[in-house]
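Got a structure for you, written out below as structure tokens; questions coming shortly.
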Amino acid sequence: MPHSVLPGFRLALACTLLYLGVIVLLPLAALLWQASGLGFARFVAVVTSERALAAFRITVLCAAGATVFNAVYGLALAWVLARYEFPGKRLLDALVDVPFALPTAVAGVALTALFARNGWYGALLDPLGITVAYTPLGIMAAMSFTSIPFVTRSVQPVLEDLSTEVEEAAETLGAGHWRIFVSVVFPALFPAFLAGCSLAFARSLGEFGAVIFIAGNQPFRTEIAALLTFIRLEEYDYQAAAAIATVMLAAAFLMLLVTNAIQLWSLRHQRAGR
Amino acid sequence: MSAARRRRGVGDAALFRIPLILIVAAIAGIIIVGPLAVVFSEALKLGFGTYLSNLATPDTRHAIWLTVATALVAVPINTAFGVAAAWAIAKFEFRGKGLLTALVELPFSISPIVAGVAYLFVYGAQGWFGPLLEAWGVKIMFAYPAIVLASLFVTAPFVAREVLPLMQAQGSSEEEAALSLGASGWRTLFSVTLPNIRWALLYGVALTNARVMGEFGAVSVVSGSIRGVTNTLPLQIELLYQDYNAAGAFAAATVLVGIALLTIVAKLAVERFGARD
């Protein structure tokens, strides 16, 4: 029984469960049911076909590349926002939320226009022999854009709450600033940092709208898993679409487990630190 | 704030601080401001008159209308769901609370394409209810209801995510006081709880609205992208773009950029007024 004098527990819980059941769980169950209609052997054959494996590999590698970028840049962004005062700070802080609020299709067409050979950025990169549009680099750029806020928004509150006493103590003991960062500050941030990275990676694995415009979508080279699912649907190969979508769903669940495990660990870590 | 109080912490030396701020701001300009700016630049390339006439084409007007109609239904539903879920999770202790919280956030980590495909297998011709719906003459898939349903799935967590931490931090002593003074449960919700979380709620609603209006992957699977019928604004952008009508695509995109910027303004308002409360 809930230990509270407030009313509405049953109603709120019933509404929440009913809604989640109809809107979220029912479709996911239908997807798994459709995929199971394939039978184990055909399911394996579909998801390990050369084209599917290539799509999974491209998706995972590009998502990893985007996550590495966001790990470094997101941390620097969080650091600057949490530690320094400077003109335009509120604007920079607001800009971090743009990738959450901007529709992915808009991000996709905008990045494609920027990185096209005659675009603002493409024209600068082309003489250097770097092509971003219609290459895996473009996929990475799109995935990076849509997942910018995750690392920053995970790390920033922890960094703001971090007491400076430990840093000062380390300094009086003669530690250099780099040494203090590596052995005092970063370990305190690490769980939040890791949780942000895993959220960014999960989001990048499933990204569709921003990627398809800039990717070029060539099978075996720039075709991501989400697009392959879409193509199978358009070919009316529903079971193959269900199989690939199931693998993506499994990856999402795995990432969710990893993120939750990190968050649990970070909670314990914080308690132990006190 | 804390940075001013600290005299010389790690990384506070000007030789490190100023270049770092400049580099981070420059990258933000390149990767965040650049895409926003290029949308307006491309949309207005052929002049303001062409921009307006691009926005006024019947298909684009219909897409704007359909997008607004979707948001008008999906945003209130997900707002009510978010508040109900947050009420259950924040104000009560029960078994399986962690699992419920994870379930509420689940759509956040699922690819929109996976969501769209999953809906196809519920309401599509080859789905669970497809034959039944067809026999009854009810059209859900490739029509307005499917667009709303897919949008509901994708944006289900947003309101709960924004208001839950605040409701947990505030506890329930004010609600208990209202109840002991004789207020009903609903009265307590509307005159105590909701005013207390109004700024976070506003941002949650704004974010839900932006995501509903901008949803692309899930909607592109379930809508069938029928020109002038089931094309929402993001799908219309794709269609114009594939037709090599870049100016038209970017003109339509400016509408969504405008909504995204309004969302950011809502966030700034939340920070300013929410901190004062």
Side-chain angles (χ1 to χ4, degrees), chain A residues 2-9 12-13 15-16 19-20 23-24 26-28 30-31 34 73 76-77 80 83-86 92 94-95 97-98 101-107 109-111 113-114 120 145 164 167 177 180-181 185 202 206 208-209 226 229-230 238 241 245 248-249 252 255-256, chain B residues 3-4 6 9-11 17 20-21 24-25 27-28 31-32 34-35 38-39 42 81 84-85 87-88 91-94 103 106-107 109-114 117-119 121-122 126-128 152-153 156 172 175-176 185 210 214 216-217 234 237-238 241 249 253 256-257 260 263-264 267-268:
Chain A
H3 306 289
S4 176
V5 296
L6 297 191
F9 174 67
L13 188 67
C15 288
T16 306
Y19 188 79
L20 285 173
I23 294 293
V24 178
L26 175 77
L28 296 182
L31 170 66
Q34 183 84 18
Y73 181 61
L77 199 51
V80 163
R83 290 245 159 172
Y84 305 144
E85 293 298 326
F86 54 94
L92 185 64
L95 281 178
D97 286 312
V98 166
L102 191 72
T104 55
V106 175
V109 291
L111 288 171
L114 287 171
W120 295 349
F145 177 84
T164 52
E167 284 169 53
H177 280 184
I180 297 173
F181 178 77
V185 180
F208 179 72
T229 311
F230 194 77
Y238 293 114
M248 292 180 68
L249 184 65
M255 288 313 298
L256 205 65
Chain B
R6 196 172 38 239
V10 173
R17 187 184 73 229
L20 185 65
I21 292 173
V24 166
I27 295 178
I31 63 179
I32 302 175
V38 82
V39 169
E42 293 285 323
F81 164 70
W87 180 268
K91 306 287 186 191
F92 301 94
E93 289 303 322
F94 55 95
L103 263 181
L106 183 61
S109 39
I110 291 175
S111 173
I113 282 290
V114 173
V117 173
Y119 267 100
F121 296 141
V122 181
Q126 60 294 316
W128 279 347
L152 286 176
F153 180 104
S172 38
E175 280 85 355
E176 281 161 19
F216 178 73
I237 293 170
E238 187 203 16
Y241 197 79
L256 290 171
V257 172
T263 311
I264 303 296
K267 163 101 183 196
L268 288 173

When A:Cys15, A:Gly8, A:Ala202 are compared by non-hydrogen pairs under 4.5 Å with chain B, the top option: A:Gly8
For B:Ala28 against A:Leu92, the heavy-atom pair lying closest together: CB-CD1, 3.6 Å
Region of B:Tyr241 that comes under 4.5 Å of a non-hydrogen atom in chain A: side chain
Chain A contact via B:Leu152 - side chain, backbone, both or neither, heavy atoms under 4.5 Å: both
Closest non-hydrogen atom pair between B:Pro107 and B:Phe153, with its separation: CB-O, 3.1 Å
B:Val38 to B:Pro35 - nearest heavy-atom pair and separation: CG1-O, 3.3 Å
Per-residue contact mode, B:Pro234 against chain A (heavy atom under 4.5 angstrom): both
Proximal component of B:Ser109, with respect to chain A [non-hydrogen, under 4.5 Å]: both
Winner by heavy-atom pair count (cut-off under 4.5 Å) against chain B, out of A:Leu13, A:Thr229, A:Val80, A:Leu77: A:Val80
Greatest number of heavy atom pairs closer than 4.5 Å to chain B - which of A:Ala245, A:Pro7, A:Ala30: A:Ala30
side-chain contact (heavy atoms from CB on, under 4.5 Å) partners of B:Leu268, counting only residues at least two apart: A:Arg90, A:Ala94, B:Glu271
Which portion of A:Tyr238 sits near chain B, non-hydrogen atoms under 4.5 angstrom: both
Largest heavy-atom contact set with chain B, pairs under 4.5 Å, which of A:Ala107, A:Ala105, A:Ala241: A:Ala105
Pairing residues for A:Phe208 by the ring-ring contact (aromatic ring centres under 6.0 Å, His included) criterion, not counting sequence neighbours: A:Phe230, B:Phe216
A:Leu28 portion near chain B, given a 4.5 angstrom heavy-atom threshold: both
Pairs of heavy atoms under 4.5 Å with chain A: top-ranked of B:Gly185, B:Ala118, B:Gly214: B:Ala118
Distance, nearest 0.5 Å, that separates CG of A:Leu6 from CH2 of B:Trp87: 5.0 Å
Which atoms of B:Ala249 approach chain A - backbone, side chain, both or neither, heavy atom under 4.5 Å: neither
A:Tyr19 side chain vs A:Val24 backbone, donor-acceptor pair below 3.5 Å: no
Which atom of A:Val98 lies closest to which atom of B:Ile264, heavy atoms considered: N-CD1, 3.8 Å
For A:Met248 against A:Gly206, the heavy-atom pair lying closest together: CE-CA, 4.2 Å
Atom of B:Ala253, atom of B:Ile237 and distance for their closest heavy-atom approach: CA-CD1, 3.6 Å
Which of A:Leu31, A:Leu102, A:Leu114, A:Thr104 touches chain B most, by non-hydrogen pairs under 4.5 Å: A:Leu114
Partner chain A: residue of B:Thr263, B:Val257, B:Ile32 with the largest heavy-atom pair count (under 4.5 Å): B:Ile32
Between B:Ile21, B:Val117, B:Val122, the one whose heavy-atom pairs under 4.5 Å with chain A are most numerous: B:Ile21
